[in-house]
Amino acid sequence: MPFYETQNIQIYNTLSGKKEVFKPIEPGYVGMYVCGPTVYSNVHLGNVRTFMSFDMVFRYLKHLGYKVRYVRNITDAGHLENDADVGEDKITKKARLEQIEPMEVVQRYTVDFHNILNTFNFLPPSIEPTATGHIIEQIELIKSIIDNGYAYVVNGSVYFDVHKFNESYEYGILSKRKLEELIHNTRALDGQSDKKNPQDFALWKRAEPQHIMRWPSPWSDGFPGWHLECTAMSTKYLGDNFDIHGGGMDLKFPHHECEIAQSQASKNQSPVNYWMHANMLHLNGQRMSKSTGNTVNPAELLSGNNSFFSKAYAPSVIRFFNAQSSYRSVLDLTDDGLLASEKGFHRLMDAIHLLDELEAGDTSTFDVQKWRQLCYDAMNDDFNSPILIAHLFEASKQINQVKTGTATLTKTDIALLKTTMHDFTFDVLGLEDQVSSDSGTDKLSGAVELLIKLRQEARANKDFALSDKIRDELAAKGIQLKDGKDGTTFSVN
RNA sequence: GACAAGGUGGCUGAAUGGUUAAGGCUACGGAUUGCAAAUCCGUCAUUUAUGAGUUCGAAUCUCAUCCUUGUCUCCA
């Protein structure tokens, strides 16, 4: 029996508003799509949080033995700035301001995006398609929507007819809005829109003469609408009906709502079985916003080069901080919170290091098998990583107790504990052991061991001035000495 | 304004009807130590924004009030 069949996953489905038992369409296989970044500027930290949460989902499903095809797109065209203006695409606008080629902007920020994600130890998705690479698929999709009568052509542009669609289907099913309310609440935009109704959205926009990014189509030289690419790419690689679609909460309406409508209008079926939405990231209690200046980007957070935080934080500390809250909760990024996470993270890592030094006993005072299943139960419950971490700390406590002699574990249990701790900490949560990954560690530890020996001699001679000097100056350089019953160890912070 | 999600200790953050409301950080007391740090043991929410209701029983369900956030127009 495959391992995943022994675990019963529940996923909170935004579409139903309930936790549901996860049952993939194809046993053993999972198709997952997550809306990727628009590469017209450095990746937003909140966006990183979303991707981090789905990286954990991806990792856990893989850990359970599922074959997962994880598709995360790159939006490099077609993100409309405003339906009512001339239709200038965001990427083009930025490019003109900087006097460089659009694809140069795309290239630069795509590289930046990948660098940031690599730093945070993300697993690469199975497929990372670009919008510009799927223009033909998008044109085909528009044709089928027109053929089915749910879109109309005006002046070379194509619009989705939301009112017509709502006669046969239900527009607003995901965000729980009613079309009538939308009509009532839509403010009248200035200007001469080609749209029949303000709720309609663009599938294809005719390009103005100065618009650089453009492709030929049956309707005009132009570019695809923003919502279209995700439908085209997700269904191309995962099928017309697939398992999981994720993204940030802010994309629920209109983006994901439009994806559902596009799939129903072209293929007559709802595309996704489980909709998952990651909640927002705040900074010091308030939303991040470029206009108010309450924002920090990933590079600034990692380097410490910002006005919000007292120091630079390691990528794994930030990952750990994120995993300590549920992906469905708003997470508030603060210096105090990060400092607390940093301490907790080091505590967990220290316990994992201790696993190699434990001496086995004849009996176990801790039920490792039962504890292990509790870890799985936590993750099975809508990927509840905070509970998982609580269990990892319980194990840390047990490890420290075995070390100090107030608890015992058999050889078998130590091995199982070690495997499980490694599985969850490194494989599922994606944390990295900063010390061991640091090259030159062997030379460093050799030098520190020598200092520890000198300090022991000084202490034996009651030369505490010297022994404290060694200890304090090492501490000032970030190397902490730890005196235990069996001698002194150290850790690098 | 409409719709949606929330409001849990000094901070952070779990728990959706059932005995003493996880875990981390901080703080305090003890063990250990030459002194610290680390580690271990112990203590820290009669109470879940406020008020009312349903129930044998509510953080959890209902209603009202206050507040925060998201979406509705570019904003991750």
Side-chain angles (χ1 to χ4, degrees), chain A residues 14 17 19 35-38 41 43-51 79-85 90 93 172 174-178 180-182 184-187 189-190 198-199 247-255 257 277-282 285-292 295 297 320-321 324-326 328-332 334-348 350-351 354 378 381 384-394 396-397 399-401 403-407 459-460 462-464 467-468 471-472 475 480-485 488-491:
Chain A
T14 319
K19 281 184 193 168
C35 293
T38 304
S41 67
V43 61
H44 193 285
L45 191 60
N47 223 334
V48 172
R49 186 207 175 188
T50 299
F51 299 142
H79 202 144
L80 292 173
E81 191 162 64
N82 188 335
D83 269 352
D85 69 9
K90 244 189 216 170
K93 186 169 189 181
L174 180 68
S175 54
K176 290 159 184 74
R177 284 154 202 266
K178 293 200 161 52
E180 287 173 15
E181 289 164 356
L182 285 169
H184 190 253
N185 288 313
T186 304
R187 277 173 249 176
L189 292 166
D190 296 338
Q199 294 76 36
M249 200 76 104
D250 51 326
L251 296 179
K252 197 155 78 169
F253 187 91
H255 185 57
E257 200 70 73
H277 288 96
N279 217 322
M280 313 306 274
L281 182 67
H282 285 188
Q286 301 212 301
R287 67 173 306 199
M288 289 201 198
S289 160
K290 279 175 193 161
S291 57
T292 62
T295 186
N297 71 35
F320 186 73
F321 175 75
Q324 274 186 303
S325 83
S326 154
R328 285 199 285 132
S329 302
V330 174
L331 177 59
D332 191 19
T334 61
D335 201 46
D336 285 348
L338 285 169
L339 284 170
S341 287
E342 187 175 50
K343 283 202 149 190
F345 173 69
H346 285 307
R347 205 169 118 82
L348 182 63
D350 288 347
L354 268 184
D381 182 15
N384 197 332
S385 52
I387 294 292
L388 168 66
I389 288 173
H391 291 312
L392 296 182
F393 276 114
E394 174 58 30
S396 301
K397 193 173 170 182
I399 291 166
N400 286 325
Q401 284 181 354
K403 183 66 183 172
T404 45
T406 53
R459 290 174 76 194
K462 299 211 184 298
D463 184 356
F464 297 125
S467 72
D468 289 355
R471 178 223 286 164
D472 296 342
Q480 188 191 21
L481 300 187
K482 299 172 183 176
D483 296 325
K485 277 202 170 74
T488 303
T489 57
F490 74 97
S491 67

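Each chain gets a letter, A, B and so on, in the order the sequences are listed, and its residues count up from 1. Owing to the predicted nature of the structure, the values given are computational and were not obtained by experimental measurement.
- Shown here, B/C35 forms no base pair; nothing in the strands shown gives a Watson-Crick or G-U wobble contact with both key distances under 3.5 Å.
- Of the nucleotides present, B/C61 is the one that pairs with B/G53 by Watson-Crick or G-U wobble criteria, both distances under 3.5 Å.
- For A/Phe321, there are no ring pair (Phe, Tyr, Trp, His ring centres under 6.0 Å) partners two or more places apart in sequence or in a different chain.
- A distance of 10.5 Å separates CG of A/Leu182 from NZ of A/Lys178, quoted to the nearest 0.5 Å.
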Inset, instruction - Go along nucleotides 16-24 of chain B 5' to 3' and tag each nucleotide: B for a protein heavy atom under 4.0 Å from its base, S when only backbone or sugar atoms are that close, - otherwise. - result: ------BSS
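- For A/Lys482, the salt bridge (charged side-chain N to carboxylate O under 4.0 Å, His left out) partners at least two apart in sequence or on another chain are A/Asp350.
- Backbone-only engagement by A/Asn384 is indicated by non-hydrogen atom pairs under 4.0 Å involving sugar-phosphate atoms exclusively.
- Note that the OG1 atom of A/Thr295 and the CZ atom of A/Arg287 stand 10.5 Å from one another [nearest 0.5 Å].
- Across all strands shown, B/C28 forms a Watson-Crick or G-U wobble pair with B/G42, both key distances being under 3.5 Å.
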Legend entry - Where protein sits on nucleotides 32-37 of chain B, one letter per nucleotide: B base, S sugar-phosphate only, - none, heavy atoms under 4.0 Å: --BBBB
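- Between A/Arg177 and B/U71, a side-chain N or O to OP1/OP2 separation shorter than 4.0 Å is absent.
- Every residue two or more places apart in sequence or in another chain that forms a ring pair (Phe, Tyr, Trp, His ring centres under 6.0 Å) with A/His277 is listed here: A/His256.
- When the nucleotides B/C72, B/G13, B/U39 are ranked by their closest atom to the side chain of A/Pro254, B/C72 comes out on top.
- For A/Glu257, there are no salt bridge (charged side-chain N to carboxylate O under 4.0 Å, His left out) partners, not counting sequence neighbours.
- Pairing partner, B/C72: B/G1, with both Watson-Crick or wobble hydrogen-bond distances short of 3.5 Å.
- Here, B/U60 and B/U48 have their C1' atoms 10 Å apart, quoted to the whole Å.
- Among the atoms of the strands shown, none is found under 4.0 Å from any heavy atom of A/Leu392.
- Looking at A/Lys343 and A/Leu339, their side chains never come closer than 4.5 Å, going by heavy atoms from C-beta outward.
- Pairing for B/G23 goes to B/U12, judged as Watson-Crick or G-U wobble with the two contacts each under 3.5 Å.
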